[in-house]
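Report on the following structure.
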There are 2 protein chains.
Amino acid sequence: MILPGLFRGSKMDFAITLDQHSTTSLHKQLYDELRQAILTGRLKPGERVPSTRTLSQSLGVSRTTVTQSYEQLLSEGYLRASTGSGTFVGCELPDELLKSKPVETFRAAEMRPDDKRQIELSSYGASITDSAPFEPPEPETPINFKCGRPALEEFPLQQWRRLILKHYRANDHSLLDYADGSQGYEPLREAIVGYLRHARAVTCAADQVVIVNGAQQALDLIAKLLIDRGASVAIEDPGYLGARRVFLAQGAELLPAPVDESGIIVDALTSKTFLKSKGGLKLVYVTPSHQFPTGATLPLPRRLDLLAWAEKTGVMIIEDDYDSEFRYGSRPIPALQGLANGDSVIYFGTFSKVLFPALRVGYLVAPPSLARVFARAKWLADRQTPMIEQRVLADFIKEGHLERHLRRMRTLYDKRRQALVRALETHFGDRVTILGENAGMSLMIRLRGRLDDDEVTRRARLAGVGLVSARHYYLVESRRDEFLLGYAGLSDRRIQEGVRRLAKILK
Amino acid sequence: MILPGLFRGSKMDFAITLDQHSTTSLHKQLYDELRQAILTGRLKPGERVPSTRTLSQSLGVSRTTVTQSYEQLLSEGYLRASTGSGTFVGCELPDELLKSKPVETFRAAEMRPDDKRQIELSSYGASITDSAPFEPPEPETPINFKCGRPALEEFPLQQWRRLILKHYRANDHSLLDYADGSQGYEPLREAIVGYLRHARAVTCAADQVVIVNGAQQALDLIAKLLIDRGASVAIEDPGYLGARRVFLAQGAELLPAPVDESGIIVDALTSKTFLKSKGGLKLVYVTPSHQFPTGATLPLPRRLDLLAWAEKTGVMIIEDDYDSEFRYGSRPIPALQGLANGDSVIYFGTFSKVLFPALRVGYLVAPPSLARVFARAKWLADRQTPMIEQRVLADFIKEGHLERHLRRMRTLYDKRRQALVRALETHFGDRVTILGENAGMSLMIRLRGRLDDDEVTRRARLAGVGLVSARHYYLVESRRDEFLLGYAGLSDRRIQEGVRRLAKILK
């Protein structure tokens, strides 16, 4: 029931409407209305307000309701009481505020330009206000060759759910509390050490591991701790946008390091461009297991060359081992980290591809001398990664579910990759070149034809097929005939149908 | 069963020990041993290795085992095969690496100083390598008056668990995938808008809200986006260390703003120190609901003054509303954000205190013109907050559990606060002054006596009582007689016993 009433002010009357069926109490509603009236200037500083009895009568509510509202407004300084002479609007409210426009809910999009005051951003802020997206546009399509999307329907949700319940049922309240430190749950760090040693030949102790919220947070911490404005960073070209953007925002000068069919060309790093760069070369960022986006695997001799170069120059290697777990045919090549002698590699990986992206758990392996400062940077960034995920994941690894899931996915993705390669060969014949190693969750192709990449992706989208031009990943020279096809999340049938449609529209 | 065997090299023999009962396969073990031998120089580049038949005999393993190891080493370039003449150690391995010390697992703590190479950190990195902790030491004690620890055993875990199961059971795989954007789950942002409007008089639309991993990430994003090295930040003194440290790391010059029993002294901000600061004053950081650590609540007239000052000077107000939900007696004063006219306030809060710290979910309300750049900074920081927590929390709010839990905790903490105040008065009488408003989860006291804060906390610890000296929170002048007592997580009995023990040791 709505109660329309009149507030008879000493200077001005205005309507007050209270809703008896609202979940908000009547006195809170009345408080809100009166406060609004004061802030918007309908009630002026020093103005006398009706007595609680008068107002309760004119609004048709109990006197207690009015009293409660008045008391709240008194305690907050909107009103002041003067013994014997009544209650008044506070005088200490500055004029500026009272003249201001009513406080109303508005949507950001509806802001008029002249409502905005000029807020000066930091260099970091200014560098990310451009409109360039951090990821190339990937509109949802019925058949979407989206990169980095695992076969989510294959994830053993039951096991995961069981472990979550186990931890919540344990009624152990330390599950809910702040962690002891920012570095991450120790049993999880230990499980990761075992996993990395076994699967990636990474050589580290648990106190070198920092649990992060996925690979992107690893990059953010690395950029913060090692990059000052003006420093140089060598980065694979083409390469991963998330890394490029975080180094740029941090103020780095990016030096594109060329990539060939074996990955980063280490010899190129010895040129003057890199070693005599103005701000000093601090980092080289690499994806040696499965170069993004070309899919090349850095062979052992180049790995050793890169390590020797880093050792000599003092440049830190940033090893992003993002989907190293998926290799079909040959066994994975050991990580640079495990081949390194000493402190020249910061290694990181993520469970986003191996398990699922929304989990937001990754790991960074710091050189021993840097482990503490990484843990401190993690504290400043967000104190710690959520605890329940860390505990569940530690169990998931220890109980062997990770290895099992990986084995299953390796077989599945291998099959899907083969299906994609066969379909491409069937439908495109010698008009397609397949690049990269027999690994990962996506592959890069070159298409011979008269259409450029924009036209190809546009037509594909119209035919319900999503694929991404590799052009977005280049810093210097970008081809217009290279495309990325993620296959991990698509069934064989959809892969075949997708390629068939592609071939049809590109005829 | 352990198989000790001899590798008869053409230049040198060495022992190889394989373990048949290991979970690592024999061929992987053999591969590891040989790879290690090559990397440490026991096997030299160009050196011929025994045939698979010979080696399998001398090691007592099957020929297949040896063949598998060799194939892996060949595929990785450690070995090369020459048709007809045998298998050799690869020649492309650079000398430097081969001369290096063996790759061994070591613990960070065992590193010898001369093993460390000098890694040059950024200014950010260098500024956080000091030994000062981000939080004052709070060793676990039987009765720990720890600040910011809610009554975790009162959290409605059953409801929470039920909602988690509901989402995992839905078999909706979008739960596992990357979110559409970095800003956070939209239904959660909408639920937060409703909650904040109702509980805190915050006026915003869902597209101004960015979901963050707790208050600390809000601070990190604010510092990144608004602070360049050398800029000035006005910060409450005493004040919250997490904010101070993140602004310092970002290179800000901190200008301490004095605090009295009503919170930050706004008049002080008009002095030359603030307005003529070298790098330009960019931000003022405040905790108006319940000043940390003094517990003062900024009264309405000061709020309006602060807003008017910010409007005039163009300085951005950072409003940390960390435990505003807990007010006993009077109703909470509306947030600065809701009183502000336009873009002068960045508001943030967290569910760490209201629900539980390990959840790591908070919210930042940006002025409309800054919402997009905050979302982009969040992407670069860690792409998104984990999804399951966001969905469960959205339901938890919509189903009314948050309000219910808050009401219960408000009553409980009120009782606990009263118990603490009573106990202090009983045991200390006029030797104690209780500071701050009737609000929050902790209170600050002044103790009259001849012992300084170090001695008080030391003796308290010995008696099994944890409390923190407020000295850690001061930038300029620090008293040695102020202490913080968090009471939210302690039962009445423990509170009484804790105060009794304190009084006894301080007699």
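Just so we're on the same page: letters track the sequence lines, and every chain starts at 1.
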Under 3.5 Å donor-acceptor, [X] side chain and [Y] backbone:
X	Y	value
Arg149(A)	Gly489(A)	no
Gln68(B)	His27(B)	no
Ser344(A)	Met316(A)	no
Gln216(A)	Leu380(B)	yes

Choice from [options] maximising heavy atom contacts with chain B below 4.5 Å:
options	answer
Tyr178(A), Tyr168(A), Trp379(A)	Trp379(A)
Arg376(A), His173(A), Arg360(A)	Arg376(A)
Ile227(A), Asp32(A), Leu219(A)	Ile227(A)
Phe134(A), Phe374(A), Trp160(A), Phe155(A)	Phe134(A)
Met387(A), Gln384(A), Gln390(A)	Gln384(A)
Leu359(A), Ile388(A), Leu370(A)	Leu370(A)

Hey, which of [options] has the most heavy atom pairs under 4.5 Å with chain A?
options	result
Val246(B), Ile128(B), Leu221(B)	Ile128(B)
Arg383(B), Glu140(B), Gln72(B), Arg161(B)	Gln72(B)
Leu226(B), Asp177(B), Thr297(B)	Asp177(B)
Arg229(B), Gln158(B), Arg169(B)	Arg169(B)
Pro367(B), Ala366(B), Pro334(B)	Pro334(B)

Working to the nearest 0.5 Å, report the span between [atom1] of [X] and [atom2] of [Y].
X	Y	atom1	atom2	value
Ile38(B)	Leu300(A)	CD1	CG	9.0 Å
Asn213(B)	Ser352(B)	CG	OG	10.0 Å
Asp220(A)	Asp382(A)	CG	CG	9.5 Å
Tyr78(A)	Tyr31(A)	OH	OH	5.0 Å
Glu311(A)	Asp343(A)	CD	CG	8.5 Å
Leu121(A)	Lys224(B)	CG	NZ	14.0 Å

Contact class of [X] relative to chain A, heavy atoms under 4.5 angstrom:
X	result
Leu152(B)	both
Glu120(B)	both
Arg303(B)	neither

| message | Looking at every non-hydrogen atom in both residues, tell me the closest pair between Ala205(A) and Val193(A) and how far apart they are. | response | C-CG2, 3.8 Å

Please classify the contact between [X] and chain B as side chain, backbone, both or neither, with a heavy-atom cut-off of under 4.5 Å.
X	result
Leu355(A)	neither
Ala179(A)	neither
Leu175(A)	backbone
Asp130(A)	both
Gln250(A)	neither
Pro386(A)	both
Arg245(A)	both
Thr385(A)	backbone
Lys282(A)	side chain
Arg372(A)	side chain
Leu176(A)	both

State, yes or no, whether a side-chain contact exists between [X] and [Y] at a heavy-atom distance under 4.5 Å.
X	Y	value
Ser127(B)	Leu248(B)	no
Thr203(A)	Gln208(A)	no
Pro150(A)	Pro357(A)	yes

| said: Just by distance, no angles: are the side chains of Lys378(A) and Gln217(A) close enough, under 3.5 Å, to form a donor-acceptor pair? | reply: yes

